[in-house]
Protein chains: 2
Amino acid sequence: MLTIGKIGAQAGVKVPTIRYYEQIGLLPEAGRSAGNQRLYGRKALERLAFIRHARDLGFTLEAIRDLLSLSDNPEQPCVAADAIARAQLAEVERRLARLTALKAELERMVVQCAGGKIADCRVIEVLGDHSLCSTDHRHPESESSP
Amino acid sequence: MLTIGKIGAQAGVKVPTIRYYEQIGLLPEAGRSAGNQRLYGRKALERLAFIRHARDLGFTLEAIRDLLSLSDNPEQPCVAADAIARAQLAEVERRLARLTALKAELERMVVQCAGGKIADCRVIEVLGDHSLCSTDHRHPESESSP
DNA sequence: CTTGAAGCTATAGTTGCTAGAGACATTAGC
DNA sequence: GCTAATGTCTCTAGCAACTATAGCTTCAAG
């Protein structure tokens, strides 16, 4: 049996985050010691590692919730899991495209800054006028998490 | 003089967002009409467009605050603005590297899903065991905003 | 047996907005 | 001039996914 600090260290998740996951129902309520401290077994550790890994891969907690409920029913077809992963992949590809454009734009800005005064600074100038941009980096794509 | 909805439309920023920017001091308090509605001139529109553009490029509101105060003092050297832009570029490059690794991992996961049952699903399996990964996509990089 | 680390609960804060309620202002059509 | 639709006002609360703080209790080592 592991304390919360121990599984946290093993799974690479901070202690308050584990308590948070329990609170929102991603992890089941842990058993308690005589002194009211949470105790975890190997299954809990695996589940936490699963969550951590999925978070690393950029899945939202909602997606992870779905994936976990899928993995809890191993006799079902895996179409749903595949769909979640594909959606995530598509999302990552969108972010990649956008970030690539942003990188180009920022490089242009930075290269042109000659170390003069703000009045002549291309960084400020480019930010003030989108028409100076080469790429169309409009329309966000809300780059959340990972 | 433009109403809040008009500059919002022109700058591509939603009305409540403009009020929010005013609230946190990114935009100065707008003048008011007889009926207490906010009215904006060209300077306000330019400032808002600046903010919008910088947000598009992934700058945080804090960075934008700094950039705005720089652009308000055009006689200063532009080293600071350059530094902010370079930091942003570095951040974007870090995210790009990470997202590229994630994409590879997700592609591996998705390709291997054969349409069987969850029990055999590589998506679930890979998420449960980091050692099945080829890349090291650990250590977040908190992918905030753009 | 004492000390210090680790654990507990509960609440509030973070970032960058977005949504809702209920009241007032403005504008377009008739 | 009137009415209806749209726009704007303030205020509060909510979103993700945590993180931090305060003030307490429990545990393990020396």
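Order of the sequence lines fixes the chain letters, A, B, ..., with proteins taken first and strands second; residue numbering starts at 1 for each chain.
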Over all atoms of both residues, closest heavy-atom pair of [X] and [Y]:
X: A:Leu99; Y: B:Arg95; value: CD1-CB, 3.6 Å
X: A:Leu39; Y: A:Ala30; value: O-CB, 3.8 Å
X: B:Leu2; Y: B:Ile7; value: CD1-CG2, 3.4 Å
X: B:Ile4; Y: B:Ile18; value: O-CD1, 3.7 Å

When the distance from [atom1] of [X] to [atom2] of [N] is rounded to whole Å, what number comes out?
X: B:Ile64; N: C:dC17; atom1: CD1; atom2: C1'; answer: 13 Å
X: B:Ile4; N: C:dC24; atom1: CD1; atom2: P; answer: 19 Å
X: A:Leu48; N: D:dC18; atom1: CG; atom2: P; answer: 11 Å
X: B:Leu61; N: C:dT14; atom1: CG; atom2: C1'; answer: 12 Å
X: B:Asp56; N: C:dG16; atom1: CG; atom2: P; answer: 14 Å
X: A:Arg55; N: D:dT19; atom1: CZ; atom2: C1'; answer: 14 Å
X: A:Leu39; N: C:dG7; atom1: CG; atom2: P; answer: 11 Å
X: B:Leu2; N: D:dG7; atom1: CG; atom2: P; answer: 15 Å

Are the side chain of B:Arg55 and the backbone of B:Phe59 linked by a donor-acceptor contact shorter than 3.5 Å?
-> yes
List, with names and distances, any nitrogen or oxygen atoms from the protein found under 3.5 Å away from nitrogen or oxygen atoms belonging to nucleotides 21-27 of chain D.
unit_1	atom_1	unit_2	atom_2	d
D:dC27	OP1	A:Gly35	N	3.2

Would you say [N] has OP1 or OP2 under 4.0 Å from some side-chain N or O of [X]?
X: B:Thr60; N: C:dT15; value: no
X: A:Arg38; N: C:dT9; value: yes
X: B:Thr3; N: D:dG7; value: no

Got a salt bridge between A:Arg65 and A:Glu62, using NZ or NE/NH1/NH2 to carboxylate O under 4.0 Å?
->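 A salt bridge links A:Arg65 with A:Glu62.
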Flag the pair A:Arg108 and A:Glu105 as a salt bridge only when some basic side-chain nitrogen lies within less than 4.0 angstrom of an acidic carboxylate oxygen.
->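 Yes, this pair counts.
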Any residue of residues 14-32 of chain B with a heavy atom less than 4.0 Å from an atom of DNA chain C =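 The answer is B:Lys14, B:Thr17, B:Tyr20, B:Tyr21.
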How many angstroms lie between atom CZ of B:Arg47 and atom CG of B:Leu26, to the nearest 0.5 angstrom?
-> 7.5 Å
With sequence neighbours left out, which residue pairs that include part of residues 7-30 of chain A fulfil the salt bridge (Lys or Arg N to Asp or Glu O under 4.0 Å) condition?
->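 For residues 7-30 of chain A: A:Glu22-A:Arg38.
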